[in-house]
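One structure is given below, represented as structure tokens, and several questions about it will come after.
All values below were derived from every heavy atom in this structure, side-chain atoms included, with hydrogens, water molecules and symmetry-related copies excluded. Residue numbering restarts at 1 for every chain, and letters A, B, ... go by the order of the sequence lines. Please read all numbers here as calculations on a predicted model, not as lab measurements.
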Number of protein chains: 4
Amino acid sequence: MTTLRKASSNAARRSEASRQAILTAAFDLVNEVGYAKLSIEGIAARAGVGKQTIYRWWPSKGMVLFDAFLMLGEGSDGEAVLPDTGDLEADLKAVLRATVAELNDPRYDEPMRALNTEIMHDPALAAAYAERLDGPMKELKRQRLRDAQRAGQLADDLDLDVAVEMLWGPLLNRWLQRGGPLTSEYADAVVETALNGLRPRR
Amino acid sequence: MTTLRKASSNAARRSEASRQAILTAAFDLVNEVGYAKLSIEGIAARAGVGKQTIYRWWPSKGMVLFDAFLMLGEGSDGEAVLPDTGDLEADLKAVLRATVAELNDPRYDEPMRALNTEIMHDPALAAAYAERLDGPMKELKRQRLRDAQRAGQLADDLDLDVAVEMLWGPLLNRWLQRGGPLTSEYADAVVETALNGLRPRR
Amino acid sequence: MTTLRKASSNAARRSEASRQAILTAAFDLVNEVGYAKLSIEGIAARAGVGKQTIYRWWPSKGMVLFDAFLMLGEGSDGEAVLPDTGDLEADLKAVLRATVAELNDPRYDEPMRALNTEIMHDPALAAAYAERLDGPMKELKRQRLRDAQRAGQLADDLDLDVAVEMLWGPLLNRWLQRGGPLTSEYADAVVETALNGLRPRR
Amino acid sequence: MTTLRKASSNAARRSEASRQAILTAAFDLVNEVGYAKLSIEGIAARAGVGKQTIYRWWPSKGMVLFDAFLMLGEGSDGEAVLPDTGDLEADLKAVLRATVAELNDPRYDEPMRALNTEIMHDPALAAAYAERLDGPMKELKRQRLRDAQRAGQLADDLDLDVAVEMLWGPLLNRWLQRGGPLTSEYADAVVETALNGLRPRR
DNA sequence: TGATAACCGAGACGGTACGTCCTGTCTTACA
DNA sequence: TGTAAGACAGGACGTACCGTCTCGGTTATCA
């Protein structure tokens, strides 16, 4: 990879310091001033960088935001995995409660809304998001469900994608549309309802 | 109420023609140029209206969009109701397929994304949306589930809000984040999975 | 005159109270906010009057200002006359010093600049000014000079209009263009120089 | 001075083409549409320039106009001098007739009225005018009078400033206030009256 | 060990849109 | 009919950013 760097030739000279300053500034600024007032000009000024440096390396404001999120998750990469105590319901509740906590965290609220806004209007960014950020996370979730499925705790014919979306979709939606209080209790109710289904059991 | 109209006095002079022209222009424009390029200036020009007339009556671009959606649904109000053939699964599939069709309709895609974007960043607008647009729709959905519940087709202790969000949340989310193809088959899978639950049924 | 009022028919119903309020408001406002920020809207608001009432009775902002000046001079009309002590030079110095004092009076500075600005760009207003405000004043000045001429104190073939303008023109000009300090000494110097001429006497 | 240019640094990047386009547009426009309808927006559009480029370099519309006048006189600078044939009266008449012609020239009428209007309400602009435009012209006039004074054609104790203002003031004033026809005959009368004084000679 | 080419900060540039203010006209309700 | 009030279409204000550009200055590679 390092040797290939030279192949793309121009990227070699890219200033890592500027890149970091820009991403940090973008993330901080969106928090401070909100999505509506986030501007390339403001990011450049805050980062102590020329506007051209942003335009040179990123195709859109959304991509800057996207990279800022990527940078955040860079340290913890490794081989993250969802908890598996054997108690699927408890594990799912724990994970969904964590999701609720993150969505309610004021430090991430505005930046995540901003990123979602951009994704909503930019298919290219949506694809990048699906591949780089949401994809790995979703695979983890699918993996946990797959393990449970193998253990006979989930239906054999269960579509894991649908299952994941049925668990997280309601949360995401409540958060984006502010369609109700986003609490641990809600997370628990979603897990229970999803596992048991809407129909009466037996 | 009609007799009290005179009391509020100034709103009485409001031009209904301008109001309609603005809402129509807003809806049409967001479709043609996209959310990012939707401007108050553009709406005013398209509607043949002074900008001040927009600023006088609406607090934000999002509220204009919101009213434009309200206007759309004005004719069909009456006593809409979700289909009830007795076959809950079939009925839900029909309704979710209709939702999918609407979300995929290019005439509504951009306007709805635009509205959702504004909602995402404006709690006041989110509240208005929840009360005036989403609320009535959700009540219809809850009502259909309530009927099924009474008929013994749904669990007695089911939280209908959670149920509704578990059915529609995944669709909304796929659409907003473009997290996969939004097809009738997907709608069917969501209905089946939600009804049966993730766990093996005996 | 009173009887003819009704002949012009519509003017009969004109509200004198509104007229005075408007003129007073115009004069006061131009002083407070300056010519550049003087607006019909502002005058109407200050006068507690509808905008239409101004547009109905005055053709332009300049005419309102003009009438405001007319109103000021209404009380003192009668048969004003310039001092005539027999000492022409002393009399002229006194009058020009009075002019200087008036031009330096902060209460009249802005309003007079405003009026002059409008005159400068509106021939109709200029004509009205020449006839109703400047004309009578000029006639007084001419009259004083005419008396002096008859007494042999001024050249027989002197063009009194030229004489008046040579005395007051320099003052007006210094004031309008702020082309130097506008003092009593300057007024005296102008009188002396004008009376004696530029050439050496003998 | 040339070497210090780099020190002021940012002004170095100023676009000379834009500057000229703006000044030309301003001068032309004020002629075409008149002072009242002269707008920064209009100047920018006519010059093919962003509004910000005007706001960046000029503090007011008046200063733009002022610079436009400066630009006009730039070519002819050198060592202009008033005619000196030895016949002071003839020379002054020639110069005042030229002034009259210029004031009557429709190409300069509106622009000069506009500039004078701005000067009338902006002391800073008035100072700039006095120093850069009116000052040099006045010095020329004073110089011609000084030469005549040395030749014994003017009174020894004559205040040249007063003399200049007594010659040109009446013209300026007639022009600004449209206080009468501005003709060559008037110019001649002013010269004769000023030279001889109002009093009978002998 | 220069030459040279890309990056960098800075920020001017032509533009678009903002949200506000005012214009002159029109409409409503009252006296 | 005149009036206070104020909505209306329109247009300019002065500001903020957009995305492009040009300017010197600084690396970092190649001749």
Take the protein atom CZ of A/Arg56 and the nucleotide atom C1' of E/dG9, then report the distance between them rounded to whole Å. 10 Å
Between P of E/dG14 and CZ of D/Arg46, the distance in whole Å: 16 Å
Proximal nucleotide (of E/dG14, F/dA5, E/dC8) relative to the B/Arg13 side chain: F/dA5
Between E/dT20 atom P and B/Trp58 atom CH2, what is the distance in whole Å? 16 Å
At less than 4.0 Å, is any side-chain N or O atom of A/Ser18 found next to OP1 or OP2 of E/dG9? Yes or no. yes
Which residues share a salt bridge (charged side-chain N to carboxylate O under 4.0 Å, His left out) with A/Arg178, sequence neighbours left out: none
Interatomic distance, B/Ile43 CD1 vs E/dT16 P [rounded to whole Å]: 18 Å
Return the polar atom pairs (N/O with N/O) between nucleotides 14-18 of chain F and the protein under 3.5 Å, or none.
| residue | atom | partner | partner atom | Å |
| --- | --- | --- | --- | --- |
| F/dG14 | OP2 | D/Tyr55 | OH | 2.6 |
| F/dG14 | O5' | D/Tyr55 | OH | 3.4 |
| F/dG14 | N7 | D/Lys51 | NZ | 2.9 |
| F/dG14 | O6 | D/Lys51 | NZ | 2.7 |
| F/dC18 | OP1 | A/Ile40 | N | 3.0 |
| F/dC18 | OP2 | A/Ile40 | N | 3.2 |
| F/dC18 | OP2 | A/Glu41 | N | 2.9 |

Nearest 0.5 Å, please: how far is CD1 in D/Ile22 from NZ in D/Lys51? 13.0 Å
How long is the line joining CD1 of A/Ile54 and C1' of E/dG9, in whole Å? 12 Å
Using atom CZ of D/Arg14 as one end and atom P of F/dC23 as the other, report the distance to the nearest whole Å. 17 Å
Those residues at least two apart in sequence (or on a different chain) that pass salt bridge (charged side-chain N to carboxylate O under 4.0 Å, His left out) with D/Asp28 are none
Tell me every residue that passes salt bridge (charged side-chain N to carboxylate O under 4.0 Å, His left out) with A/Arg107, counting only those two or more places apart in sequence or in another chain. A/Asp105
To the nearest Å, how far apart are C/Ile22 CD1 and F/dA4 C1'? 11 Å
Between A/Phe69 and A/Phe27, is the ring centroid distance below 6.0 Å? yes
Where the side chain of C/Asn116 meets the backbone of C/Met112, is there a donor-acceptor pair that is under 3.5 Å apart? yes
How is the base pairing of DNA chain F summarised as a dot-bracket string, given the Watson-Crick and G-U wobble criteria with both distances under 3.5 Å, [ ] for crossing and | for another strand? |||||||||||||||||||||||||||||||
Kindly say if D/Thr53 contacts the phosphate of E/dG14, meaning a side-chain N or O under 4.0 Å from OP1 or OP2. yes
Ring-face cation contact, D/Trp58 with D/Arg14, 6.0 Å cut, 45° max: yes
Does a nitrogen or oxygen in the side chain of D/Trp57 sit under 4.0 Å from OP1 or OP2 of E/dG11? no
Here's a test of your reading of the structure: between A/Gly48 and D/Ala47, which maps to the more 5' nucleotide of DNA chain E? A/Gly48
Is there a side-chain contact between B/Arg113 and B/Tyr35 (heavy atoms, below 4.5 Å)? no
C/Lys61: what forms a salt bridge (charged side-chain N to carboxylate O under 4.0 Å, His left out) with it, not counting sequence neighbours? none
Grab the CG-C1' distance between D/Leu29 and F/dA12 for me, whole Å please. 14 Å
Of B/Val49 and C/Glu16, whose nearest nucleotide on DNA chain F comes first from the 5' end? C/Glu16
